[in-house]
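To keep things clear, I will list the structure first and then write my remarks on it.
If you're wondering where the values come from, they're calculated on a predicted model, not measured in any experiment.
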Amino acid sequence: MTDSSTNMRLKLPITCFILEIILIILFGVLVVYDHDTDAKAFNKNMKMNNSTGGGHNGHGSGTSDDTDYRNDFYYRYPSFQDVHVMIFIGFGFLMTFLQRYGFSSVGFNFLIAALSLQWATLMQGFFHGLHNGKIHIGVESMINADFCTGSVLISFGAVLGKTSPLQLLIMAVFEVTLFAVNEFILLSILGTRDAGGSMTIHTFGAYFGLMVTRILYRPKLEQSKHKNSSVYHSDLFAMIGTIYLWMFWPSFNSAVTSHGDPQHRTAMNTYYSLAACTLSTYAMSALTAHDGKLDMVHIQNAALAGGVAAGTAGEMMLTPFGSMIVGFLAGIISVLGYKYLSPILEEKLKIQDTCGVHNLHGMPGVLGAIVGAVTTAVVPKEVYGNGLEKVFPDVASGDRETTYQAGMQALSLAITLGIALFGGLIVGFILKLPVLGAPRDNACFEDSVYWEVPGEEHFEEELTAVRTEETEKINS
Amino acid sequence: MTDSSTNMRLKLPITCFILEIILIILFGVLVVYDHDTDAKAFNKNMKMNNSTGGGHNGHGSGTSDDTDYRNDFYYRYPSFQDVHVMIFIGFGFLMTFLQRYGFSSVGFNFLIAALSLQWATLMQGFFHGLHNGKIHIGVESMINADFCTGSVLISFGAVLGKTSPLQLLIMAVFEVTLFAVNEFILLSILGTRDAGGSMTIHTFGAYFGLMVTRILYRPKLEQSKHKNSSVYHSDLFAMIGTIYLWMFWPSFNSAVTSHGDPQHRTAMNTYYSLAACTLSTYAMSALTAHDGKLDMVHIQNAALAGGVAAGTAGEMMLTPFGSMIVGFLAGIISVLGYKYLSPILEEKLKIQDTCGVHNLHGMPGVLGAIVGAVTTAVVPKEVYGNGLEKVFPDVASGDRETTYQAGMQALSLAITLGIALFGGLIVGFILKLPVLGAPRDNACFEDSVYWEVPGEEHFEEELTAVRTEETEKINS
Amino acid sequence: MTDSSTNMRLKLPITCFILEIILIILFGVLVVYDHDTDAKAFNKNMKMNNSTGGGHNGHGSGTSDDTDYRNDFYYRYPSFQDVHVMIFIGFGFLMTFLQRYGFSSVGFNFLIAALSLQWATLMQGFFHGLHNGKIHIGVESMINADFCTGSVLISFGAVLGKTSPLQLLIMAVFEVTLFAVNEFILLSILGTRDAGGSMTIHTFGAYFGLMVTRILYRPKLEQSKHKNSSVYHSDLFAMIGTIYLWMFWPSFNSAVTSHGDPQHRTAMNTYYSLAACTLSTYAMSALTAHDGKLDMVHIQNAALAGGVAAGTAGEMMLTPFGSMIVGFLAGIISVLGYKYLSPILEEKLKIQDTCGVHNLHGMPGVLGAIVGAVTTAVVPKEVYGNGLEKVFPDVASGDRETTYQAGMQALSLAITLGIALFGGLIVGFILKLPVLGAPRDNACFEDSVYWEVPGEEHFEEELTAVRTEETEKINS
């Protein structure tokens with residue numbers, strides 16, 4: 001069943017080993033603990049204390065003082081773990097909706113995420129965190145690495161079912177690099193605010209992936225059409241992904257905002273945006289679908305658009321009221337996209353977007369960027385009081401006005417779209433290299449090309465066999 | 001397959017849109033950030049500081065001082081997320097045990113929870129949190145909104161499979177309102193303690209739902225009987241819900257207790273109550289079931305009764321010893337309820353309780369209320385030392401004695417039962433309006449009435465078809 | 001289908017009730033709240049304050065001061081919940097890969113974990129935490145109880161599918177006891193460091209379980225061979241377990257380290273070890289498996305070996321670079337174990353290791369112990385600065401040199417192996433008692449021996465029936 005080009009016996013191990021060994025060497029040369037993870041630096045001012053820690057109960061804990069409780073671990077790690085769940089369970093299971101692609105959805109998601117987070121640590125550190133030639137890492141860099149990984153997984157959603165693991169690894173390496181470049185331009189050069197990544201993560205990942213899938217266009221993909229749909233239980237597995245993404249999105253958007261009120265406010269704004277989005281998604285799904293029946297595709301995806309759309313403005317004084325309007329619109333736009341725009345994109349623009357990332361991440365990401373720019377412009381800085389510094393440090397310092405900041409926000413959207421589309425174009429052509437082993441047109445959306453699939457319930461095949469057999473006997 | 005009354009093409013969108021637009025308007029008029037989520041209020045006393053935050057690593061974080069670390073976000077948000085998982089994954093997947101009702105279980109759970117948490121924010125804020133005519137919200141109100149939502153989902157369990165999404169939305173609106181009234185009477189007027197909601201959440205939700213399902217009694221429900229049971233994989237999906245509820249119940253009961261020892265103690269008491277409950281559940285399941293085989297219904301549900309029963313007394317000095325006794329009894333009562341009481345309730349009282357919420361939330365909730373009253377009465381206030389103020393502020397302030405407090409606890413149970421049953425009665429009749437589109441008696445417990453169901457494994461139907469066909473051929 | 005010995009009608013209830021009642025009595029006699037969970041002790045120095053708490057929003061919260069924010073709850077509980085998820089969801093679902101053993105995998109996991117955590121509280125408290133004859137408990141003891149439970153569940157993996165719930169309960173009681181003895185020798189007598197339990201948890205649990213399964217060797221197990229494999233959806237359920245274990249392993253290894261930098265550093269080291277391990281696992285799986293196709297067994301298990309192998313050295317100054325090397329090697333060793341060593345162990349040593357715990361916990365645990373000893377020896381103590389006290393209190397206090405500490409670490413591995421193997425030997429023979437009701441050789445890996453299994457999709461049986469029937473008709 002595996003032809004020579006899709007056989008990964010040597011290609012995949014060689015690629016994985018080379019990439020991982022390069023990563024290990026670069027980590028050895030470049031990466032050091034940051035202040036909060038380094039034993040010497042963190043305890044510099046601690047008085048030497050001879051009382052042994054030696055925990056009273058099992059695996060012991062040492063003594064603790066106020067400095068210990070100020071370690072950033074305690075103020076970011078719970079958010080990190082929520083983000084981590086979104087990346088590995090959320091994205092992984094969301095894509096298991098296909099009837100025969102569950103192993104690949106969860107499994108390739110797992111593989112490329114594990115690669116991307118390591119590579120992202122280096123790329124983001126290179127652009128943002130070099131101190132005396134060293135990359136300093138801790139929980140915040142771990143969150144940022146997971147964020148960058150999220151962007152790659154969005155692109156994975158666009159090409160889902162049509163690529164080899166090798167293509168995905170190569171895509172991840174390039175995409176992470178371009179992500180870091182774009183992020184550097186936005187956050188460090190332009191001083192843009194984008195805590196939850198409406199632009200840096202969602203818009204970038206979606207349009208990059210859409211361009212890649214455009215370049216990889218398969219005119220004969222209808223040969224695999226019967227597998228490009230769900231079955232009952234695969235839709236339930238996908239709902240695990242959906243619900244986890246939905247629940248933890250408040251943590252995602254707030255994970256790297258400033259401590260105190262911004263983190264709190266961002267989580268809450270996102271919570272209300274998502275709640276409103278869910279209502280409008282159900283409404284639009286019943287309105288547009290056959291006989292008023294709800295469509296799982298909409299529920300699984302569009303209900304999340306409210307989180308994407310609150311990614312930029314969530315940390316601002318958007319208010320729950322504003323957040324709910326944003327979420328409400330995002331749900332409507334997203335369902336309309338699934339229903340009416342996706343078929344057009346496929347027919348006219350030859351964009352085969354398996355998961356509909358344009359509807360979940362693309363349009364809502366652009367919406368989020370616009371909402372961010374508008375919120376920046378229209379909310380007077382007096383509303384923030386002394387808290388302005390945490391949200392718009394450049395405005396608080398007097399370096400720029402809110403309108404200028406809003407302009408930078410808008411410019412950032414344009415730059416993100418440009419880099420994503422251009423990057424996707426180049427990477428798409430790289431992925432066309434035959435050696436990378438894409439599946440044949442009639443073997444897409446099928447696990448057994450790259451996975452040992454267990455001797456499972458071949459009921460349908462057997463039914464056909466029984467039928468044929470019996471019919472033949474009778475005829476003879 | 002959809003007859004005109006169950007067709008949701010217009011009804012559901014119109015209802016969702018109207019409800020959401022009303023919510024948005026009311027949020028716009030009434031809701032503001034609380035102290036910990038508002039940029040100006042939270043940073044009032046912060047000295048202006050020109051150092052820009054501008055995170056060193058990717059999406060940047062600002063500077064932080066001690067005030068930031070005191071934001072309630074850091075002391076409640078991890079608990080909030082655990083509660084959130086219980087509401088959306090826990091309740092949602094627990095109800096997927098039915099063979100052909102998984103989409104509705106997770107999907108309607110999602111819809112009505114998203115509505116309820118918004119409406120609860122307003123209702124609870126109206127009764128408890130008005131400051132100068134505004135509702136102040138933050139992480140604690142988010143937890144309370146999720147709590148109220150939990151109550152609605154308990155009632156959903158009682159009517160599962162027999163209602164339209166429209167009926168559920170209407171039920172949620174009324175139930176949230178009544179929940180807030182009951183909660184206000186208990187917590188604000190009577191000064192009752194009920195941190196984990198044995199009364200306010202579980203008893204209320206269960207008896208409200210039981211009364212609703214009594215009013216909606218279907219004499220011909222046996223027409224859908226073959227779908228009112230589980231299949232192998234649906235039971236595994238349900239176990240996802242069970243285990244998450246079980247694991248995070250300590251967070252649930254402790255989420256809104258006072259900071260410090262009460263939160264810590266409540267979590268630990270609940271942990272031991274649940275552990276003991278699990279042992280007695282397995283014991284009783286083997287003892288009562290056929291051939292000593294374990295019954296998934298018991299494991300999925302009764303093992304959780306220990307969490308419900310520790311909902312009131314969990315924050316008190318119940319001790320792990322006391323908690324284990326409570327959990328142990330709760331498991332026994334719950335299994336006995338499933339085995340012997342539920343059939344009686346259905347036959348004699350015409351209460352068709354799909355998930356057996358009477359056994360999981362009803363009786364254990366009442367048990368929890370009684371345990372709470374007794375614990376209040378019998379534990380001397382000296383045991384609490386200076387910590388008394390956090391658990392029984394009215395006793396600490398000298399306003400009342402522990403026995404009086406215990407009386408209020410007992411009275412609260414009676415009030416809760418009264419409001420729940422009376423409310424359920426009224427709401428049940430409202431839900432009988434034909435326009436709300438309940439499924440026919442022979443189409444209950446079936447997703448395809450309200451959902452597009454994928455062209456899935458229709459093995460059994462096909463097998464029948466094969467058999468009939470072949471037989472006919474042979475006979476002819 | 002149940003013969004008299006496997007009928008649990010009386011045996012299981014009696015055992016559960018007796019065990020739970022003993023536990024409750026011992027808790028009543030021995031267990032008290034620790035400083036952070038006790039109302040009186042924790043609030044000793046609080047000034048009496050008459051302001052009522054009485055939460056402003058629903059279920060109220062009291063006033064809080066700095067002491068409250070120092071409660072260990074806030075610095076350990078999020079990690080505890082992650083560990084809790086690993087124990088109940090992670091281990092439970094990882095073992096659902098078998099086609100017809102999902103109820104037992106999740107369900108027995110649930111039962112023996114609920115027992116073990118209670119018994120572990122007593123055993124660990126007895127050895128480590130007696131204060132004036134009382135066991136003081138709080139969140140740290142809860143984590144340690146979950147850790148000990150993890151060890152039992154590892155052993156469960158070795159005997160999965162071949163034991164009755166009664167055997168498992170008996171095994172748990174003995175294993176917890178021996179675990180506590182071994183832990184006491186290592187941590188308290190030898191002063192060994194093993195925060196994430198490479199030795200105390202993984203090595204101990206694996207070799208204990210391997211010896212038990214060796215003693216319970218079934219020469220005719222091939223009679224159940226057709227059930228000792230996965231089906232498509234059971235592999236997806238297992239991936240839920242895998243991914244949760246993978247994501248939360250950083251929390252596991254760091255859960256009971258000292259506060260501040262050690263907790264932060266341990267989590268980060270584990271994160272990178274796991275990421276590198278994932279890459280090498282995929283590489284080795286494609287390299288060794290048929291046609292270069294990935295094998296779910298490897299992905300589900302070997303990708304986790306990096307967490308096990310970072311269990312001892314994770315809190316040390318291992319650096320991300322070192323962690324990645326460790327994880328990289330762990331993945332390779334683990335896949336090779338599954339591919340080449342497991343068949344040899346079964347054929348030559350008669351060790352029937354259902355889940356391959358030797359490859360996931362055994363060898364990686366030993367590797368982790370060795371890495372721990374080597375890291376202790378080679379990293380100069382100057383690297384830790386003042387932080388040395390938190391990681392190696394005995395070295396910081398001048399009681400011993402790093403080389404001596406390293407020797408103790410190595411000695412601890414030998415002791416752990418000895419106690420595990422000897423303990424497994426004894427317990428294995430105890431479990432052979434016929435009264436415990438092990439399933440027959442042809443009924444292993446089958447839920448219906450101990451569970452009511454729903455009238456489910458008996459498609460294959462029906463297909464056979466159809467075939468036979470039709471054939472007979474034609475022949476007649």
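With values rounded to the nearest 0.5 angstrom, B:Lys40 atom NZ is found 7.5 Å from A:Glu382 atom CD. Put simply, CG on A:Leu236 and CG on B:Leu236 are 12.0 Å apart, with the number rounded to the nearest 0.5 Å. Atom CG of A:Asp261 and atom OG1 of B:Thr67 lie 10.5 Å apart (nearest 0.5 Å).
Aromatic ring orientation, B:Phe80 versus A:Tyr271: perpendicular (interplanar angle above 60°, classes split at 30° and 60°). Classification of the B:Tyr74-A:His259 ring pair by plane angle, with boundaries at 30° and 60°, yields perpendicular.
Aromatic pair A:Tyr272/B:Phe27: centroids less than 6.0 angstrom apart. Separation of the A:Tyr244 and B:Phe88 ring centroids does not fall under the 6.0 Å cut-off. A distance of 6.0 Å or more separates the ring centres of B:Phe73 and A:Tyr75.
Between chain A and the options B:Leu115, B:Val85, B:Ile25, B:Leu10, the largest number of non-hydrogen pairs under 4.5 Å is found for B:Val85.
Side-chain contact annotation: A:His264 with B:Tyr33, donor-acceptor N/O pair under 3.5 Å absent. With no hydrogens or angles considered, no side-chain donor-acceptor pair links A:Asp82 and B:Tyr77 at under 3.5 Å.
Not a single donor-acceptor pair under 3.5 Å links the side chain of B:Arg9 to the backbone N or O of A:Asp291.
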